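The next block holds one structure in the form of structure tokens; read it before the comments.
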Amino acid sequence: MSKPIDFIRQIITKDLADGKNNGKVVTRFPPEPNGYLHIGHAKSICLNFGIAREFSGQCNLRFDDTNPAREDEDFVRQIEADVKWLGFQWQGKSHHASDYFEQLYQFAEQLIERKVAYVCSLDAEQIRVLRGTLTEVGSDSPYRQRTTEENLDFFRRMRAGEFCDGEQVLRAKIDMASPNLNMRDPVLYRIRHLRHHLTGTQWCIYPTYDFTHCLSDAIEGVTHSLCTLEFEDHRPLYDWILQQVDVPCHPQQIEFSRLSLDYTLTSKRMLTRLVNEKVVSGWDDPRMPTLSGMRRRGVPAAAIRDFCNRIGVTRKDQQIESSLLDFCIRQQLDHDAPRAMAVLDPLKIIITNYPAGQSELLPAPNHPNRPELGHRQLLFSRELYIERSDFMENPPKKFFRLAPGREVRLRYAYLIRCEEVIRDTSSGEIIALRCHYDPLTRGGSAADGRKVKATLHWVSAAHAVTAQVRLYDRLFTAPTPDSDNFINELNTDSITVINNAQLEASLAQATDDCHYQFERLGYFYPDSNNQQKQQLAFNRTITLRDNRSKKSTYGKSNTGDSQ
RNA sequence: UGGGGCGUAGCCAAGUGGUAAGGCACCGGAUUUUGAUUCCGGUAUUCCCAGGUUCGAACCCUGGCGCCCCAGCCA
């Protein structure tokens with residue numbers, strides 16, 4: 001059965017059938033450039049751009065840059081890059097609400113002339129008091145009855161810079177007794193003597209969201225203005241403003257619920273704190289739920305798009321389990337990522353019956369289920385590294401990897417048997433294993449058909465390249481980090497840095513557009529800083545799915561574990 | 001206790017008066033040179049609760065209950 005369409009697409013389909021909007025569909029994605037885009041934005045991007053694509057319409061990228069106090073050009077560039085990376089394009093240049101400042105100003109004068117807006121000389125605190133409360137109506141501002149001429153004069157002097165910040169505001173004249181607080185004469189313009197990243201010092205008055213958004217939508221010919229549920233109470237104001245002025249069209253605002261993901265934060269305010277308080281290395285820290293953080297960790301854009309399609313679009317509060325995102329990431333990577341071998345916690349093994357100084361090449365497929373991806377040659381020699389956790393001197397019942405006297409397979413190489421454990425005489429620590437290989441098992445299968453219970457990954461000690469590998473885990477210990485207390489709910493083990501991981505030689509050439517599966521460990525992605533730092537580093541995107549803890553009480557090792 | 005929303009499995013989500021899709025998670029089992037992948041099979045006698053209408057209700061009506069949002073010159 002094909003996926004049912006969501007309620008928004010149902011509305012649009014009906015609008016089209018009814019011949020509304022001359023058969024056009026125009027949406028917009030309207031971020032404020034005051035932070036990086038995160039997984040919550042991805043939902044909105046996929047919705048808005050996805051609808052435009054499906055209905056042969058158009059989706060504008062429009063920056064809601066009406067508050068110069070917190071906005072920045074760097075964020076603009078980063079947001080554009082992230083939207084493109086996610087896989088979406090927009091026609092022409094990106095739009096900015098600030099492009100419309102002059103038009104918006106003219107609309108404001110229109111409101112004044114039509115006697116539905118006035119300049120109020122109360123300060124913020126007085127306005128708050130007169131607004132009333134949830135259960136008590138507000139009362140009129142003493143400036144509510146100013147004449148049109150007086151209002152026009154004041155408003156023009158506001159624009160001309162004759163007043164200080166906060167001294168005057170332009171307000172809509174609606175209804176101070178409205179049960180909807182947004183309709184109690186909301187502020188439309190405020191004075192801010194601040195440089196704007198695009199308009200510079202051209203303006204010292206800036207329109208508020210409520211005034212700007214609906215009019216920007218109308219100016220751009222948006223047909224369906226999709227936003228999150230918390231704006232539902234603003235819809236009457238959105239419609240009211242559009243009804244008071246002469247606009248070319250009246251876009252329809254439709255609200256949907258925002259995304260919450262377990263163990264992550266989808267609030268720009270809180271993410272900003274993590275960055276500012278240096279809890280993470282930056283907005284693109286691989287532990288961040290930002291698009292750039294996830295990209296750096298190695299999450300493919302296609303996985304995020306798939307995730308957004310799977311969660312659906314409704315009006316019910318969503319709290320999505322992280323296992324769904326994990327599933328999407330693994331599914332994409334399992335298909336795309338070539339396999340390689342890497343040992344994170346090396347334990348040396350010496351193949352006693354393999355001649356010193358000798359080596360040989362063994363072919364290994366790049367993907368076990370996709371022969372078209374070709375193969376590479378692995379170097380095999382007398383001294384190898386295996387994962388320390390793949391050996392146990394006294395193995396419990398369900399441990400079927402290497403142990404004294406036991407035979408296992410080295411992937412795509414030979415069957416080996418452990419003959420002797422070598423310890424450091426003072427510490428007692430196991431420093432190497434002496435093993436015997438069966439030359440007749442080249443490639444990994446025995447001519448006599450005997451089976452082994454385990455296949456281990458390995459690298460040749462002399463030929464391996466050393467790299468740094470970062471293992472990431474969730475940033476928070478709480479499924480729904482508390483908005484006031486989230487700093488105390490950080491996972492102290494959210495990053496583990498391994499400096500002497502031993503990788504198969506082919507990985508030295510890893511490029512930043514290639515995701516790898518390190519066999520039996522997980523998916524890894526070369527860090528974007530590799531070039532600058534002259535150091536080979538990989539970020540673990542996600543572990544492989546692990547069923548072993550379910551079927552036995554014997555869990556995985558530290559290096560393999562997490563998430 | 002003003003206004004606006006929302007309640008279908010652990011998490012999402014179809015369903016719009018004709019007898020509960022699908023995905024993730026979970027539990028079995030098969031295949032496997034990754035304890036991966038893949039493949040089969042299982043998991044809601046019931047839709048927040050209580051009444052009512054109807055031959056028939058998750059869908060309609062009435063009354064409750066629970067959760068979310070709103071008192072920025074933020075968006």
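Note that the structure is predicted; figures quoted are calculated from it, not measured. Below, chain A is the first sequence line, B the second, and so on; all start at residue 1.
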Taking atom [atom1] in both [N] and [M], compute the distance separating them and give it to the nearest angstrom.
{"N": "C61(B)", "M": "A75(B)", "atom1": "P", "value": "39 Å"}
{"N": "G7(B)", "M": "A13(B)", "atom1": "C1'", "value": "14 Å"}
{"N": "G56(B)", "M": "U43(B)", "atom1": "C1'", "value": "28 Å"}
{"N": "G51(B)", "M": "C67(B)", "atom1": "C1'", "value": "23 Å"}
{"N": "C49(B)", "M": "G66(B)", "atom1": "P", "value": "15 Å"}
{"N": "G63(B)", "M": "G3(B)", "atom1": "P", "value": "14 Å"}
{"N": "A25(B)", "M": "A9(B)", "atom1": "C1'", "value": "11 Å"}
{"N": "G64(B)", "M": "U45(B)", "atom1": "C1'", "value": "26 Å"}

What is the nucleic acid contact for Asp317(A), judged by heavy atoms within less than 4.0 Å: base, sugar-phosphate only, or nothing?
->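 Here Asp317(A) touches the backbone only, sparing every base.
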
When all nucleic acid strands are considered with a 4.0 Å heavy-atom cut-off, which category describes Tyr209(A): base, sugar-phosphate, or nothing?
-> base

Compare the minimum distances between each of [options] and the side chain of [X], then state the nucleotide with the smallest one.
{"X": "Arg128(A)", "options": "U16(B), G5(B), G72(B)", "value": "G72(B)"}
{"X": "Arg520(A)", "options": "C69(B), U34(B), A71(B)", "value": "U34(B)"}
{"X": "Arg70(A)", "options": "C73(B), C74(B), G5(B)", "value": "C74(B)"}
{"X": "His234(A)", "options": "A71(B), A75(B), G2(B)", "value": "A75(B)"}
{"X": "Leu134(A)", "options": "G5(B), U37(B), C70(B)", "value": "C70(B)"}
{"X": "Arg401(A)", "options": "C70(B), A71(B), G35(B)", "value": "G35(B)"}
{"X": "Thr133(A)", "options": "A25(B), C12(B), A71(B)", "value": "A71(B)"}

Give the minimum heavy-atom separation between Leu104(A) and Phe211(A), together with the two atoms involved.
-> O-CE2, 3.4 Å

Both distances under 3.5 Å, Watson-Crick or G-U wobble: report the partner of [N], or none.
{"N": "G2(B)", "result": "C70(B)"}
{"N": "A13(B)", "result": "none"}
{"N": "U62(B)", "result": "A50(B)"}

Is the backbone of Leu259(A) close enough, under 3.5 Å, to the side chain of Thr266(A) for a donor and an acceptor to pair up by distance?
->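 Flag set: sc Thr266(A) to bb Leu259(A) pair under 3.5 Å.
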
Does Asn366(A) reach the main-chain N or O of Leu373(A) with its side chain, forming a donor-acceptor pair under 3.5 Å?
->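 Checked: pair present.
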
Just label G72(B) as syn or anti from its O4'-C1'-N9-C4 or O4'-C1'-N1-C2 angle, using within 90° of 0 for syn.
-> syn

Output yes when Asp438(A) and Arg450(A) qualify as a salt bridge under the 4.0 Å nitrogen-oxygen rule, no when they do not.
-> yes

